[in-house]
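Nothing here was measured: the structure is a model prediction, and the numbers come from that model. Heavy atoms only: backbone and side chains are in, while hydrogens, waters and symmetry mates are out. Residue numbers count from 1 along this sequence.
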Amino acid sequence: MQEKDLEAVSAICMDSFLRSVAGTLSDEGITTFSNIAVRDAFLDRMKGDNLMLVAEDNENIEGVIELKEGRYVAMLFIRPERQKSGIGRKLLSSALNHAKVETVTVSASLSSVTAYEKYGFECKGKVGESAGLVYQPMELKLNKAMHATSE
């Protein structure tokens with residue numbers, strides 16, 4: 001992801017969130033996510049230990065993944081009309097090549113649990129809530145051969 005992509009990435013995240021997650025959350029949760037998904041918040045995180053990748057089709061951004069510290073999927077959003085077309089799987093696969101741990105985690109929105117299960121993640125622990133965001137802790141154990149290629 002490059003700085004020129006930030007507006008499009010923010011728009012995809014918000015569009016997807018508003019269509020599939022926002023209706024299940026409190027106003028606090030919607031505000032919290034909105035603050036995380038704005039352009040400047042992405043820009044700040046780009047300066048940290050966060051890998052951010054985009055999927056493009058004819059120079060149009062179709063999806064984004066953010067892998068924090070090589071261990072945690074912080075964001076994975078696909079343009080709503082392109083969901084279920086393999087973009088998320090490709091982004092996740094690319095990001096996992098940069099994993100620094102053998103177990104990658106995600107705090108999945110409840111509406112995305114099924115998608116993460118299809119990617120091989122398993123639910124770990126009880127549903128939680130933080131700043132109005134409701135999530136299911138999940139993890140994916142990477143095989144050692146895959147992990148070895150990331151070092």
Side-chain angles (χ1 to χ4, degrees), residues 1-22 25 28-57 59-80 82-83 85-113 115-125 128-144 146-151:
M1 187 166 88
Q2 299 174 358
E3 196 168 332
K4 69 177 179 59
D5 301 329
L6 291 173
E7 292 294 337
V9 164
S10 178
I12 289 169
C13 291
M14 285 307 302
D15 188 22
S16 185
F17 172 82
L18 290 171
R19 290 186 191 206
S20 63
V21 182
L25 299 178
E28 179 189 18
I30 294 168
T31 299
T32 297
F33 183 83
S34 298
N35 290 336
I36 293 168
V38 294
R39 178 194 185 283
D40 289 345
F42 271 109
L43 183 60
D44 287 346
R45 292 194 309 274
M46 283 178 81
K47 297 171 186 171
D49 186 11
N50 293 356
L51 173 72
M52 296 182 188
L53 302 174
V54 294
E56 292 181 310
D57 184 22
E59 298 188 23
N60 293 316
I61 295 177
E62 303 293 340
V64 61
I65 189 166
E66 178 179 351
L67 184 66
K68 184 177 183 177
E69 299 172 350
R71 62 176 182 80
Y72 175 77
V73 177
M75 292 274 208
L76 176 56
F77 284 94
I78 310 304
R79 187 178 300 282
R82 295 298 310 273
Q83 291 177 1
S85 66
I87 295 170
R89 185 173 300 282
K90 289 176 186 171
L91 280 169
L92 182 62
S93 177
S94 294
L96 292 178
N97 286 328
H98 301 275
K100 298 175 183 175
V101 295
E102 291 184 21
T103 303
V104 173
T105 59
V106 65
S107 295
S109 64
L110 300 186
S111 61
S112 66
V113 168
Y116 279 107
E117 287 175 334
K118 288 179 182 174
Y119 299 148
F121 282 79
E122 296 179 355
C123 294
K124 292 292 176 186
E129 182 175 342
S130 176
L133 296 175
V134 180
Y135 62 91
Q136 170 64 57
M138 301 184 80
E139 66 179 35
L140 175 67
K141 293 195 181 299
L142 305 178
N143 67 44
K144 292 186 179 181
M146 176 187 241
H147 182 66
T149 64
S150 69
E151 294 177 4

Considering all heavy atoms, the nearest [X]-[Y] contact:
X	Y	value
F121	V104	CE2-O, 3.6 Å
I87	A55	CG2-CB, 3.6 Å
A95	L67	O-CD2, 3.3 Å
M14	A37	SD-CB, 3.8 Å
V54	L91	C-CD2, 3.8 Å
S10	R39	OG-N, 3.8 Å

Open item on the list: As a quick check of understanding, evaluate side chain to side chain contact (heavy atoms under 4.5 Å, CB included) for F33 and V21, giving each step before the final call.
Closed with: CA-CA 10 Å; F33 183 83; V21 182; over 6 Å; no
Do [X] and [Y] have side chains that approach each other closer than 4.5 Å (heavy atoms only, starting at C-beta)?
X	Y	answer
L6	M1	yes
Y116	L76	yes
L25	F17	yes
V113	C123	yes
L53	V64	no
K100	D49	yes

As an exercise, state the distance from [atom1] of [X] to [atom2] of [Y], rounded to the nearest 0.5 Å.
X	Y	atom1	atom2	answer
I65	L51	CD1	CG	8.0 Å
E102	E139	CD	CD	12.0 Å
S112	I78	OG	CD1	11.5 Å
I36	D44	CD1	CG	12.5 Å
L140	T103	CG	OG1	8.0 Å
L92	R89	CG	CZ	8.0 Å

Keeping the roles fixed (side chain from [X], backbone from [Y]), state whether a donor-acceptor pair exists under 3.5 Å.
X	Y	answer
Q136	G125	yes
D5	Q2	yes
R71	A99	no

Open item on the list: Applying side chain to side chain contact (heavy atoms under 4.5 Å, CB included) to Y135 and S130, what does each step give before you reach the verdict?
Closed with: CA-CA 8 Å; Y135 62 91; S130 176; 4.1 Å; yes
Task: S16 and Q83 side chains, donor-acceptor separation under 3.5 Å - done: yes
Open item on the list: Whether the T31 and S34 side chains hold a donor-acceptor pair (N or O, under 3.5 Å, no angle test) is what I'd like checked.
Closed with: no
TODO: Report the C-alpha distance between M138 and T105 in whole Å, list the side-chain angles of each, state the deciding distance to 0.1 Å, and finish with yes or no for side chain to side chain contact (heavy atoms under 4.5 Å, CB included).
DONE: CA-CA 6 Å; M138 301 184 80; T105 59; over 6 Å; no
Open item on the list: Looking at R45 and E66, is any side-chain nitrogen of the basic one under 4.0 Å from a carboxylate oxygen of the acidic one?
Closed with: yes
- [ ] Count the heavy atoms of every other residue, nucleotide or ligand shown that sit under 6.0 Å from CD of E122, and state whether that count exceeds 12.
- [x] no
- [ ] Apply side chain to side chain contact (heavy atoms under 4.5 Å, CB included) to the pair E56 and E62, showing each step before the final yes or no.
- [x] CA-CA 5 Å; E56 292 181 310; E62 303 293 340; over 6 Å; no
TODO: Please check if the distance between the ring centroids of F77 and F42 is under 6.0 Å.
DONE: no
Open item on the list: For a side-chain hydrogen bond (donor to acceptor under 3.5 Å, both in side chains) check, start with the C-alpha distance between S107 and Y72, then their side-chain angles and the critical distance, and finish with the verdict.
Closed with: CA-CA 9 Å; S107 295; Y72 175 77; 3.2 Å; yes
